Protein chains: 2
Amino acid sequence: MRKAPQQARSREMVERIVAAGRQVLVEHGYDAFSTNRVAAAAGVSPGSLYQYFPDKGAILDVVLDRYWAEVADQVAASLADRIGETGPGMVRATADALVGALEADPVALQVLAEELPLGRNRDRRADLERRVRDMVAIYLAARPDASQRPDPAVAAWVVVLALENLALRWVLDQPAAVTREALLDEVVALVGGYLTT
Amino acid sequence: MRKAPQQARSREMVERIVAAGRQVLVEHGYDAFSTNRVAAAAGVSPGSLYQYFPDKGAILDVVLDRYWAEVADQVAASLADRIGETGPGMVRATADALVGALEADPVALQVLAEELPLGRNRDRRADLERRVRDMVAIYLAARPDASQRPDPAVAAWVVVLALENLALRWVLDQPAAVTREALLDEVVALVGGYLTT
DNA sequence: GTTGAATGCGAGCGATGGCTCGCGTCACGA
DNA sequence: TCGTGACGCGAGCCATCGCTCGCATTCAAC
């Protein structure tokens, strides 16, 4: 951010710009995401926009940060709520939370995940993964099962990636052959089968 | 393609353009992928380029088609080679083939998969998935295990997506905690555990 | 050799869009 | 009330880039 907004009206403007950025993205796609368009949608002049954002990418960054933070928060909250719970229940709840978070605004997901270069989401998805993985690793390391096969760190990596991508692709592709409940069942079976092998 | 090249020299030119397209992409990234740059890299004038390609996207399409077809062919070949084989061996071989194909040109993968909008790869990855999924579904439907739990169609979807994304992310991220062998082991455990639950 | 089609060239058009700059307006402390 | 700095404006600069068009060159059939 080029300059910190000090007065209330400028803080509001920054908010309006970020909101407009997301709106343009969702309603008109990434191609329409030009600084002039975002400024217009925010009811602000291009010049004003550049008083607080160094460049176009900075606006996109804020939009993406907020989106993925929202998703990660929902999943982390669901996970934190069930610290003591049994394995399958936790897996199902986590998958449910993730799918729910992604379903909240499918159009936003479609634009952010499919029209944007994947690299733009990389760090933010990595954060989401790390947050979940850390909690999973703790759970795995603490399980009574002394065999510790597979290695907790590796297992957490596998489980989180599989879960994330299954949820993501299910929401994006809505495959007719797989209902929401079936997805959750299969994720539980997949993770459960893996960890008890 | 706007016009079919008839003489040998024009066919060579089309080849040079496609090769230059991939080269520019790999060496300078998607941002540098302009028609003028590709034409220059191919030693061809922009005007010539447009005699055979309707627009910039068409060049990219050919590059992507070839890349993913190559990957899909390698995986499909590996799968076809082991029609009769036992489950775990087939899973391991398939994962190995996919990882190998993706590892062949990691920089290309990085650019094509991370700098390009995901949507550009969508159909081609869907093809790869479908080809593998169909073979997996056949195998699953034929297994003696009468329970048929999980549903073969759903199971194939789950297995193929999990496998694909694990392989993709492993090649792209090269996580220090997971060696290549560990990846293959875990994939086998994941799929095996899932199908015998 | 001649001729017509296929090929190839490259300067540059037209549009887009990120970003700036000079000027007017508003908020707020004194 | 007044002055100063924060704020906001928007016309437009400027670089980029996709793409075209008129012309030169090469090929192949006769």
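Lettering follows sequence order; numbering is per chain, from 1. Just so it is clear, the model here is predicted, and its values are computed rather than measured.
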By the 4.0 Å heavy-atom rule, please label [X] as base, sugar-phosphate, or nothing.
{"X": "Arg9(B)", "result": "base"}
{"X": "Arg2(B)", "result": "sugar-phosphate"}
{"X": "Phe53(B)", "result": "nothing"}

Nearest whole angstrom, please: distance from the [atom2] of [N] to the [atom1] of [X].
{"X": "Ile59(A)", "N": "dG17(C)", "atom1": "CD1", "atom2": "P", "result": "14 Å"}
{"X": "Gln6(A)", "N": "dC28(C)", "atom1": "CD", "atom2": "P", "result": "11 Å"}
{"X": "Glu15(B)", "N": "dT7(C)", "atom1": "CD", "atom2": "C1'", "result": "17 Å"}
{"X": "Glu12(A)", "N": "dG8(D)", "atom1": "CD", "atom2": "C1'", "result": "14 Å"}
{"X": "Ile17(A)", "N": "dG18(C)", "atom1": "CD1", "atom2": "C1'", "result": "15 Å"}
{"X": "Leu49(B)", "N": "dG18(D)", "atom1": "CG", "atom2": "P", "result": "10 Å"}
{"X": "Gln7(B)", "N": "dT7(C)", "atom1": "CD", "atom2": "P", "result": "5 Å"}
{"X": "Phe33(A)", "N": "dC19(C)", "atom1": "CZ", "atom2": "P", "result": "11 Å"}

With a cut-off of less than 4.0 Å, is there a side-chain N or O of [X] near OP1 or OP2 of [N]?
{"X": "Thr35(A)", "N": "dC19(C)", "result": "no"}
{"X": "Ser48(A)", "N": "dC9(D)", "result": "yes"}
{"X": "Tyr50(B)", "N": "dT20(D)", "result": "no"}

[X], nearest nucleotide to its side chain (from [options]):
{"X": "Pro46(B)", "options": "dT20(D), dA6(D), dT20(C)", "answer": "dT20(D)"}
{"X": "Tyr52(A)", "options": "dG18(D), dG8(C), dC7(D)", "answer": "dC7(D)"}
{"X": "Gln51(B)", "options": "dC19(C), dA6(D), dT7(C)", "answer": "dT7(C)"}
{"X": "Asp55(A)", "options": "dC27(D), dC19(C), dG8(D)", "answer": "dC19(C)"}

Salt bridge [X]-[Y], side-chain N to carboxylate O under 4.0 Å:
{"X": "Asp173(B)", "Y": "Arg122(A)", "result": "yes"}
{"X": "Glu164(B)", "Y": "Arg125(B)", "result": "yes"}
{"X": "Asp96(B)", "Y": "Arg92(B)", "result": "no"}

I'd like to know if Ser34(A) reaches the base of dG17(C) with its side chain such that a donor and an acceptor end up less than 3.5 angstrom apart. no
Can you find a side-chain donor-acceptor pair between Asp127(B) and Trp68(B) that sits under 3.5 Å? no
Under a 3.5 Å distance rule, please check whether [X] uses its side chain to pair with a backbone N or O of [Y] as donor and acceptor.
{"X": "Thr196(A)", "Y": "Gly192(A)", "value": "yes"}
{"X": "Glu114(A)", "Y": "Gly119(B)", "value": "no"}
{"X": "Tyr139(A)", "Y": "Gly87(A)", "value": "yes"}
{"X": "Lys3(B)", "Y": "Phe53(B)", "value": "no"}

Taking only heavy atoms on the protein side, list every residue of residues 18-32 of chain A lying under 4.0 Å from any atom of DNA chain C, sorted numerically. none
Could you check Arg11(B) against Asn36(B) and say which one's nearest nucleotide on DNA chain C is further toward the 5' end? Arg11(B)
